[in-house]
2 protein chains.
Amino acid sequence: MKRVTIHDVAEAAGVSLATVDRVLNGRPGVRKGTIEKVRQAVETLKYQPDSFAAGLAKKSRYRFQFLLPDGPNAFMEDLTREALAHAQTMSGDRLQVHVEPIDAFDGHRVAGTLAILDRTVCDGVAVVAPAFPEVRAAIDRLQARGVPVVTLVSDHPASTRQHFVGIDNYAAGCTAGRLLGRFLPEAPGKIGFIAGSLGLRDHADRYAGCQKVLAEGFPHLELLKVREGRDDNDRNEKLVATLIAEHPDLAGLYNIGAGNRGVAAALVNAPRAKQIVFVGHELTPYTHDALQSGIMDAVIAQDPGHEIRSAIRVLKALCDGRPIIDGQERIRIDVFLKDNLPRLDGS
Amino acid sequence: MKRVTIHDVAEAAGVSLATVDRVLNGRPGVRKGTIEKVRQAVETLKYQPDSFAAGLAKKSRYRFQFLLPDGPNAFMEDLTREALAHAQTMSGDRLQVHVEPIDAFDGHRVAGTLAILDRTVCDGVAVVAPAFPEVRAAIDRLQARGVPVVTLVSDHPASTRQHFVGIDNYAAGCTAGRLLGRFLPEAPGKIGFIAGSLGLRDHADRYAGCQKVLAEGFPHLELLKVREGRDDNDRNEKLVATLIAEHPDLAGLYNIGAGNRGVAAALVNAPRAKQIVFVGHELTPYTHDALQSGIMDAVIAQDPGHEIRSAIRVLKALCDGRPIIDGQERIRIDVFLKDNLPRLDGS
DNA sequence: CTGTTAGCGCGTTCAT
DNA sequence: ATGAACGCGCTAACAG
């Protein structure tokens, strides 16, 4: 039951270690015939390269930059926390993760941050990409300079980014719509929409999905015009307050972006607070409590821990030219009700 | 930016490599003073042990046995597939995963399979533990022999197993109850329950959770007596057929265990098929389609891929005495509606 | 109690 | 086109 090494393969093939190595790593300088003999030996011996030895020998290291929005957004804070946590854990595995805070609303600054990156300082970049054209350009140039880039949470499909780590926001919107439609009685009622900005691609996608499901499946519901609050709690609170005032028969509310706290604040002050079905995004300490207390009825979420780990795996695979296992990297659209909340201590 | 090695630490502390190693690995034979000097050096140099080198040097290997039920259960098949997939992928990381099929309904056979395991052939085992006392005893004896054991999917809390990898089935039942209650109109109606067997702990837990939520939150619903179909499609079909016949006003149906296919078969033949809210467990090709077609309304699930990976991580940590990061290993209770289904190709 | 030394399996020169 | 030899950073056995 001993481990088979290149030695065994070399012996079986009647060649030397170096030759086996060349074949295994597809390097030139080996005759067709020899290369085939080695392949045979590998097959019959079921040789599996030892990743520990390989990792040690080629003193490779992975330096990844994560550009994550700062600001008072609980989800982004989670994402940052996870990234930093993994920077710790994985530093023994020769991978360094640097988190660079960015202002997601300042496209030029983000582009500038991307512009100074380089093969010499960084082997891969993950960025929560705001939808500015200059950001797209910066991503493309970074890629052209040979640094693999993945987008995180918010995609830039038109760019040359290698991969997107995040959820299908259209489907997420559909899910929100279905929950709203089915939680409400089959009776006329109005649905209010709050978004950060429909200029943000993820918000627009969610909105579209939700609208489609409600229009198709629940025609008795009237969909109100979406209002934009820039993911800000105070703005959202005012928006919702006026919404409730203008529509006393409001039945449901979908907060497409962040700022659930503001929405809830307005809601609890409303007369029919607990009757209004409220669906929002991302599991944070706040939405957690809101679900428990019954202020929120459902939360659609994506797991920041999974996303960070996926981004790292993908970037690593990109660095050493391995294929990406798509099924493995798909980020799930989580649905939380008050009953299936994870405890909040761990990830 | 060079990597700091034990050499650097040794030099800084004025001791030799071996001493540093002793301190780092908590081995005896070092004076208090020396041990402190080394600690200091480690701190100031921010030394991080290189896991590749360590892995190579201590030619450790992890041989894990996974005892998974065979039989025509799509979820268990998924679990097995994932385990085998990882056996492939990770074999370069010195970890061998053997999958041993077991008959979950034959406690003696399972106990027998556990009984022949041993430190000499296996460094850890993960078992989908059926709730027989002889299984519990076998787990305890295995542990006593020094082989760490984790239970998978189905727990045995009274045993000495080190860890349980799976979901909180009580909470899962609550979630199912909430979904049923909220999807149904606030009007009188009956809820039917199908289980594999309430002798199975996970089924009993789910049932309890669901009952509690429905009783507390939706008192207008009448809960029918649970019927047991041993997770068998044919039995389930007959049970549901008679259920529908006896209760023309059946409003909802909760299939606590497997065999959704049988339940659905009976359902589609019923007059009010699409009106009955049907909630079940586990995402399989069949429940996937049933959600899409509207036969099922929600699926509560656990991700077999996550569970296998978690089991491997935990077993590994157990083997080399590392702590288990609880938050990292918590398995989520997934909720699937027709809108947030993952594509079925990958994990 | 502490230091010295020889590998672990593979990548990477250099020499042939 | 192929082979021999060294070193990656760490552990483990053996000295002292």
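Below, chains carry the letters A, B, ... as their sequence lines are ordered, and counting in each starts from 1. Side chains are part of it too, since the values below use all heavy atoms of this structure and drop only hydrogens, waters and symmetry mates.
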[N] [atom2] sits how many Å from [X] [atom1], rounded?
X	N	atom1	atom2	answer
A/Asp8	C/dC8	CG	C1'	14 Å
B/Lys59	D/dA12	NZ	C1'	8 Å
A/Arg31	D/dG3	CZ	C1'	13 Å
A/Arg94	D/dG9	CZ	C1'	8 Å
B/Lys32	C/dT2	NZ	P	13 Å
A/Leu56	C/dG7	CG	C1'	12 Å
B/His7	C/dG3	NE2	C1'	12 Å
B/Asp50	D/dG9	CG	C1'	6 Å

- Task: Answer with base, sugar-phosphate or nothing: what part of the nucleic acid does B/Pro28 contact at a heavy-atom distance below 4.0 Å?
- Result: nothing
Establish, with yes or no, whether the OP1 or OP2 oxygen of [N] is under 4.0 angstrom from a side-chain nitrogen or oxygen of [X].
X	N	answer
B/Thr19	C/dT2	no
A/Thr34	D/dT2	yes
B/Ser16	C/dT2	no

- Query: Within a strict 4.5 Å, meaning less than it, do heavy atoms of the A/Gln302 and A/Val153 side chains meet?
  - Reply: yes
- Does a side-chain heavy-atom distance below 4.5 Å link B/Val23 with B/Val9? no
- Note on the structure: Tightest non-hydrogen contact, residues B/Val125 and B/Cys122, listed as CG1-SG, 3.8 Å
- Item | N/O donor-acceptor pair under 3.5 Å between A/Thr151 side chain and A/Ala129 backbone | no
- For the pair A/Leu79 and A/Phe66, evaluate side-chain contact (heavy atoms from CB on, under 4.5 Å) and give the outcome as yes or no after the intermediate values. CA-CA 10 Å; A/Leu79 208 59; A/Phe66 276 63; over 6 Å; no
- Bend angle of the helix from C/dC1-D/dG16 to C/dT16-D/dA1, end axes from five pairs each (to 10°): 40°
Between [X] and [Y] (salt bridge meaning N to carboxylate O under 4.0 Å), is one present in this structure?
X	Y	answer
B/Asp320	B/Lys58	no
A/Arg27	A/Asp21	yes
B/Asp50	A/Arg94	yes

Pull out every protein N or O sitting under 3.5 Å from an N or O of nucleotides 11-13 of chain C, one pair per line with the distance.
{"from": "C/dG11", "atom 1": "OP2", "to": "A/Asp21", "atom 2": "OD1", "distance (Å)": "2.6"}
{"from": "C/dT12", "atom 1": "OP2", "to": "A/Arg27", "atom 2": "NH1", "distance (Å)": "3.3"}

- Message: Quiz question: by atom type and distance under 3.5 Å, do the side chains of A/Arg309 and A/His86 form a donor-acceptor pair?
- Response: yes
